Amino acid sequence: MKKLKLILLTSLILFGISCKKLNTNNNKLETKVDSILAIMTLDEKIGQLNLVAGNMDQTGPTTNKEYEKDIKDGRVGAILNVYGVEQVRKLQELAVKNTRLRIPLLFGYDVIHGFKTIFPIPLAEACSWDIELIEKTARLSAEEACAAGLNWTFSPMVDIARDPRWGRVAEGSGEDCYLASLIAKARVIGYQGEKLNDPLTMAACVKHFAAYGAPIGGRDYNTVDMSDRMLRETYLPPYKTAVDAGVATVMSSFNELDGVPSSGNKYLLTQILRNEWGFKGFVVSDWTAINEMVNHGYAASEKKAGELALNAGLDMDMQGAVYFNYLKKSLDEGKISEKQLNESVRRILKLKYNLGLFANPYLYLDNKREKEITYSKRHLDHALLSAKESIVLLKNTDYKGRKLLPLSKSVKKIALIGPLADNKKDMLGTWNAQGDENKVTTILAGLKSKYPESIIEYTKGSDFNGKDKVGFNSAITLALKSDIVICTIGENIDQSGEAASRSEIGLPGVQQELMEELVKTGKPIIAIVMAGRPLTIEWLSKNVNAILFAGHLGTRAGDAIADVLSGDYNPSGKLVMTFPRSIGQVPIFYSTKNTGRPFDAKNSYTSKYLDISNDPLFPFGFGLSYTSFEYSNLKLSKQSIQNSESLTVTFTLKNTGKYDGEEVAQLYIRDLVGSVTRPVKELKGFKKVFLKSGEQKELSFSITENDLKFYDANMKFLAEPGKFKVFVGSNSVELLEADFELL
Ligand code: NOJ
């Protein structure tokens, strides 16, 4: 027995020592992992597939009190919701010091938009259209999370979302798969860095595979049913891009797809993910998603659910204990094979190895680093930049001979009203990890840092929920004695995110009524709308003078808003989800089809509503600036291209206003006729450009055959010869256009 222990120990030590070399030699890694596998008992193998929630955070419905004992018994492979060097060390020691094989644990957490320093919610940050900025956010988030002992994040969430009733639109990058794919890649690279075994990088997990963003009725966890074409063309590309970027893990989603829950879906988890895309990492279920296949009516028992999941290609069970409880029996009965089990264990061990945990299980645990990195200036500065870039100016009308925003230098009395104005907690938004609300700058504090305190007065006016209007009177009184009214309205932290679908997406509670009262004062009103989703704010758009959409902006929210209001920063954000006029238009998105009867005002029998226009309130890609931009001189280098050629689209962009500013110039195409119908517009490129007032630049995009590909009538991904339109402009509606042909 002693001899066996010695051999095992030596083999593990050797495994650790040789980590660096193995990094460049995959075959050796395989051999080493195999050598561990060869000495693992069945219980130890199944243990590796068991992801257990610790008790520091509750991000799902169940708890597990026994996990420390299970760790010691070698029956846990990874932990979620435990963080902080000391807490992680305690559990890592349990695994490394007590178990026979001393296999270290993975520590996962939902680091979605920051760990301690909180950046804007992903939907807001996507509105920056700044891919480098987004990559850096992920990089810095990883640094803080790793400094707290974590080595695995359940991010990026890349679900395309076109229904703002779904609360989780807050976590994604909006409705467009081209933009969302670029963001997915940036986040994966940001988290994972160049080397996974760098103690400041962590494994990413792309989720929720697949199509979780399209639940019927926008109700979270609900059924998803879509064509394979829609799935492959629109919903899968961001996951695929993440896989191509080397994402270490994939999370299966809660939803069913075409009748098969994702966690038992072999088509998704094996055919597409592994066979077609060549994914080499491991798949983790979402929280108890394996167990839920019983509720779905897809498995008669949890044991059967476990078999379906493992056989479909799902490697790790998050908090469901299905593998833990039943896999051994399933193996005895021949319902799963040891080969399949070994494959899953192998994938998990490989990640532990790649993260450097075999070489040093305490690699991520350094108290000094935790102190130095957390809330460092670098993080806080980036949080401010990201928050500023996330803000979208939706309206800015003239008032007394000038645009209302930025605020006039001669403003004498500012009324600041609304439940988000002196508010720290809700600035953090959904999935705010360990963000400390005490570190948040409120909008009130932000404004006070720009203007003399004596000219700013605040009153809350109303809450987010309920019918209480007692605050209305003081809000109206304050508005009447001020020369400008800034209203901070929208959703609180719990009104978007997981399990936070809404059937009405107007301003919650009595905020709409509060706004109606304030408009009656006749004072100029700026509305700052903060929410985790597009809201139906048509009334607001007609009745207030200026609107900023600001998502939930994180730790530096107040500073960012103050910079924008004062004009120290000129807003440049562009919407990544269409804003509907009314809930009845949902789902609504720009890349729609033309239909056989496109709307024609002169013909009643065309596609329309009787009671509302087809047009959105604010289209995809829309966002104003304090300056103005003019697009002209659209030219194509050729009128036609052959298969391997490319086409250059050039145009002039001029800053025609008084302020320096940034513009996101967008490129769309339309394939006029296809073997299957094509959308009226598809985003194919964009450039974020800074221009000084009066400056102009010649800009260009290149279009290749690749940009014209789609799944044809035979589900082949190719470009079909024919006529195309190309559009360039400042949003998905206001565009210059030209034509070309693919020969
Ligand atoms: C359930 C959520 O759907 C998922 O996104 C998250 O990563 C897990 N819970 C863990 O908290």
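Bear in mind the structure is a predicted one, so any value in this text is a computation, not a measurement. Just so you know, ligand 1 is whichever comes first in the structure, and atom 1 is the first atom listed for that ligand. Just so you know, residue 1 is the first one in the sequence shown, and it goes up from there.
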> salt bridge (charged side-chain N to carboxylate O under 4.0 Å, His left out) with Asp57: which residues, sequence neighbours excluded?
Replying inline: none
> Can you name the residues that form a salt bridge (charged side-chain N to carboxylate O under 4.0 Å, His left out) with Glu175, not counting sequence neighbours?
Replying inline: none
>> Between Lys90 and Glu68, does any side-chain N to carboxylate O distance fall below 4.0 Å?
In response: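 Yes, Lys90 and Glu68 are salt-bridged.
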> Salt bridge check: are Arg139 and Glu143 linked by an N-O gap of less than 4.0 Å?
Replying inline: yes
>> Taking side-chain contact (heavy atoms from CB on, under 4.5 Å) as the criterion, tell me which of Gln192, Arg187, Lys185, Lys207 meets it with Val247.
In response: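 By the side-chain contact (heavy atoms from CB on, under 4.5 Å) criterion, Val247 pairs with just one of Gln192, Arg187, Lys185, Lys207: Gln192.
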Output, or 'none' if empty, a list of ligand 1-protein atom pairs in which both atoms are N or O and the distance is under 3.5 Å, rounded to 0.1 Å.
| unit_1 | atom_1 | unit_2 | atom_2 | d |
| --- | --- | --- | --- | --- |
| ligand 1 | 3 (O) | Arg168 | NH1 | 2.6 |
| ligand 1 | 3 (O) | Arg168 | NH2 | 3.4 |
| ligand 1 | 3 (O) | His208 | NE2 | 3.4 |
| ligand 1 | 3 (O) | Asp286 | OD1 | 3.4 |
| ligand 1 | 3 (O) | Asp286 | OD2 | 2.5 |
| ligand 1 | 5 (O) | Arg168 | NH2 | 2.9 |
| ligand 1 | 5 (O) | Lys207 | NZ | 2.8 |
| ligand 1 | 5 (O) | His208 | NE2 | 2.7 |
| ligand 1 | 7 (O) | Asp110 | OD1 | 2.5 |
| ligand 1 | 7 (O) | Lys207 | NZ | 3.1 |
| ligand 1 | 9 (N) | Asp286 | OD1 | 3.4 |
| ligand 1 | 11 (O) | Thr59 | OG1 | 2.6 |
| ligand 1 | 11 (O) | Asp110 | OD2 | 2.5 |

> Please, which pairs that meet salt bridge (Lys or Arg N to Asp or Glu O under 4.0 Å) have at least one residue in residues 495-505, sequence neighbours excluded?
Replying inline: Arg168-Glu498, Glu491-Arg502
